[in-house]
Amino acid sequence: MKTAFLRYSWSIVTKLLSSGDFMQWHQATVLHQCLSQTVEMLSLKRKWILLNAFDLCSHCLMYVPRNLQREKIHERCKNICPPKDTFDRTLLHTHDKSRTDLEQVPKIFMKPDFALEDSLTFNAVLPWSHFNTSGGKGSRDAASSKLLQEKLSHYLDIVEVNIAHQISLRSEAFFHAMTSQHELQDYLRKTSQAVKILRDKIAQIDKVMCEGSLQVLRLSLTRNNCVKAYNKLKLMATVHQTQPTVQLLLSTSEFVGALDLIATTQEVLQQELQGIHSFRHLGSQLCELEKLIDKMMIAEFSTYARSDLNRPFEEDCQILEEERLVSLVFGLLKQRKLNFFEIYGDEMIITAKSIIKQCVVSTVSQIEEIDTEVVIKLADQMRMMNFPQWFDLLKNIFSTFTIFLKRIKATLNIIRSMVLLVLDKNQRTRELEETSVQKNPAKDNTVDTEVAYLTHEGMFISDAFSEGDLPSVAVDTTSQRNTSPNSEPCSSDSVSEPECTTDSSSSKEQMPSSVIPGGVEIMISEDMKLTDLELEKLANNIQELLYSASDICHDRSVKFLMARAKDGFLEKLNSNEFVALSRLMEGFILDTEQICGRKSMSLRGALQSQANRFVNRFHEERKTKLSLLLDNERWKQADVPAEFQDLVDSVSDGKIILPEKKAGAAEERKPADFLTVEGQKYAVVGTVLLLIKIILEYCQCVDNIPSVTTDMLTRLSDLLKYFNSRSCQLVLGAGALQVVGLKTITTKNLALSSRCLQLIVHYIPIIRAHFEARLQPKQFSMLRHFDHITKDYHDHIAEISAKLVAIMDSLFDKLLSKYEVKAPVPSACFRNICKQMAKMHEAICDLLPEEQTQMLFLRINASYKLHLKRQLAHLNVVNDGGPQNGLVTADVAFYTGNLQALRGLKNLDLNMAEIWDQKR
């Protein structure tokens, strides 16, 4: 409106100036002053434009008084001016004349780039030759200069005349504008009154209709900006307290809280407080603080691991400061320090070494026989212990290692459960996101596009009222914009968030809470950006760390054993000591397998190695003992002490259990003549009694040390084979004659040897079943050794029986070859044969069972009949009832009667009719 008014006023001024009435110049001057005041209200640019126009106006107004007299002269001259057409002809003639005059002026003065500063232009206008005063031409040069000056003056006059002529041609229009001055003053006066009325009306309209509403908008915007400024300052104050708060959290080891606070502060600095000059260094300071927290957490975790593993070893395996552990682990996970478990592994190795050292020092300090001042090294001090002391030390080490592993397992279970908890949270979050995408399709957000374009004091306001700033009353957004003055709008150009963003933690989503197995409730933050693969790998590494702990304990135990075994200490242990050691080690191995869930082979391998050495020594000792016994055995029947009878009685139902020694009980019982086994009496030599005990020791060793079952089976087979072969050499091979110094190998020696072999054969199936129950199915093929041994023993027994028969066979051959059928009856030959048969029976009847005695004498009788038949055929004695037949029959009857009179041979079927040749 003001601009239109000014344009209108300027047109009036222009008309007044263009009129030829000089009386209206005063009105133009007044209107010019009014316009000047109005221009002050306009913007700077428009003001500058109009002021230039008014300057021109001012020059015109100043020009009027100076030319008033000239105007009067001009009016008088108009009366005497020629007519119009004449004037036009005169004007045309004058124009042609002016053009002719202008052509006299050199063209160089007409150039647009005319400048005397240019040396060429200056030389062209003022030639230097005109100013050269040297020589005798001074008067002529002065005349030339004067001529040049007159020429330039003439050019100047021509130009001025033409300029005056051009001005005179346009004087009529100029003076016509001057005549309109009074009319312009009237127009300006009316316009000024209209402008004043309009301004009054506009002021009333502004006061009644606009001022209140604009004030409401202005105050609302001011209030919103103040609120936002307050919230921003409040947020800045909160951010300013970040570093002290972080220090406070770190003092209580709240690493997760400190890291969350740093992350939240960094987010606020990047989003809501971006560009704040006072916080320009805070971001880098927080980054450095975060790096410091990383180092602090690693150092704290190392300290925690050291204190957890080195605290006193008691049966209570509670976790040390579980909340502290949870905070450390989640902080390390948050910072992606996934190799923290390696720190725990290093501490495990150091602690395992110190455990053995502490146990040795503690045990040595309690033994008075060891002078620690003389023997400085712990290994040397340990080697000075006897077996009971060393065994107690090893038991203490194993029990400490067991508690150590339980403690490690409890700690690692907490760490692993936290890792799996984060992994489960990631998976559930991903599932919820997939479900939400499927169930909730994309919704179009309705946006209010109304824009208020207000031109009050140059302000542009859009979205003056936003839905986020409205009160929580269920009122339509549009109606609230129109009717609710108490709403809190905000401008669209504001960068700050609403008041709710003042709390730095409120921008985060509520973290889900979980409870770990230890019962500590934890909050899982949303910014642990760990992949499932990383978490699964970390969980596996933690589980492998538990396996490594078991391996570490086993390795340290192996080194402890090897340090003690350097002087052959373990190889010198007797059976009971080694069995106790083996059981202790097997128990520790089973405990570690139960705790850690995986077998560690180092200690088991060391035990197997020592067991193999023990088996070799065990076998060599017993084989050497058996060899010495056999070399000193005189193959006479030995008395059976009560302890051996108890030993045999303990083997019942195929179960081999060595009885406990009873002090004094065996001394009251007298030795027996025979060894009773399942109702049968066995006449045995002393070597076989000890062999039975040795065999049972082998079986018992297998029970005590299951890992040596196969080696023991091989060694026992070798021992049984050795006894069989060596006894065969000594008895059947008559080796005892040279070794022991026997005069001869009697039938009693043979029978006793056979009975001893039969006793061993009786126990072979029991031994076989005992080993079979302890072998793996794939190892059953080794049982064939017992089948071979049984066959060898049976062959040996058969050879002894054949030897007994061969002895009598040679006797029959010797005696019956000299037999003659003649009186007296019975003949001396038959009496001698019966005597030898009685001696044979007397030698073996108490040693062999009745059935075996009968079978042996049947075989002897068959040999007898064969030799007698051969001799009778040689003597041509036939069964014809003659005198010779009668004599033979009488001798045979004597033989039969004597043989059947022997104990156990009464019912023996001799079938003596076979001595006669049936063909004859």
Side-chain angles (χ1 to χ4, degrees), residues 10 13-14 17-18 20 22 25 28 32 36 39 44-71 73-74 77-78 81-82 84 86-178:
W10 177 246
V13 172
T14 304
L17 291 176
S18 62
F22 284 90
W25 284 101
H32 172 262
S36 299
V39 166
L44 182 61
K45 184 175 181 180
R46 295 178 180 178
K47 181 178 179 181
W48 179 80
I49 295 172
L50 292 179
L51 284 177
N52 290 333
F54 291 158
D55 288 341
L56 178 60
C57 241
S58 299
H59 288 295
C60 293
L61 294 177
M62 293 171 63
Y63 178 78
V64 171
R66 291 197 302 267
N67 294 279
L68 183 59
Q69 184 64 29
R70 296 179 182 178
E71 175 65 19
I73 296 172
H74 175 68
C77 291
K78 283 174 64 178
C81 285
K84 183 177 180 181
T86 305
F87 175 77
D88 291 338
R89 286 193 300 269
T90 305
L91 182 62
L92 181 58
H93 174 71
T94 305
H95 177 70
D96 293 336
K97 183 180 180 181
S98 298
R99 178 178 298 178
T100 303
D101 294 338
L102 284 175
E103 289 177 354
Q104 297 177 8
V105 179
K107 300 299 182 182
I108 191 172
F109 294 102
M110 303 298 179
K111 290 183 178 180
D113 56 346
F114 177 81
L116 289 176
E117 292 84 357
D118 187 6
S119 59
L120 297 176
T121 304
F122 184 82
N123 292 330
V125 175
L126 299 174
W128 288 101
S129 58
H130 295 172
F131 301 98
N132 188 6
T133 58
S134 62
K137 300 179 181 180
S139 58
R140 189 175 57 183
D141 291 340
S144 298
S145 299
K146 186 176 181 180
L147 180 62
L148 177 61
Q149 184 177 1
E150 292 177 355
K151 186 188 294 185
L152 294 177
S153 299
H154 176 66
Y155 294 158
L156 179 61
D157 293 337
I158 292 173
V159 173
E160 288 180 351
V161 168
N162 278 276
I163 291 174
H165 175 68
Q166 293 296 329
I167 293 174
S168 64
L169 292 178
R170 292 167 178 78
S171 61
E172 183 177 359
F174 176 75
F175 289 110
H176 176 71
M178 298 299 292

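Nothing fancy with the numbering, it's 1 onward along the sequence.
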TODO: Please round to the nearest 0.5 Å and tell me the distance separating atom OG1 of Thr121 and atom CD1 of Ile108.
DONE: 5.0 Å

Task: Reported NZ-to-CG distance for the pair Lys151 and Leu156, which is rounded to 0.5 angstrom - done: 15.0 Å

Open item on the list: Would you compute the distance between atom CG of Leu152 and atom CG of Asp157 and round it to the nearest 0.5 angstrom?
Closed with: 11.0 Å

Task: Gap between atom CD1 of Ile158 and atom CD1 of Ile163 - 0.5 Å precision - done: 12.0 Å

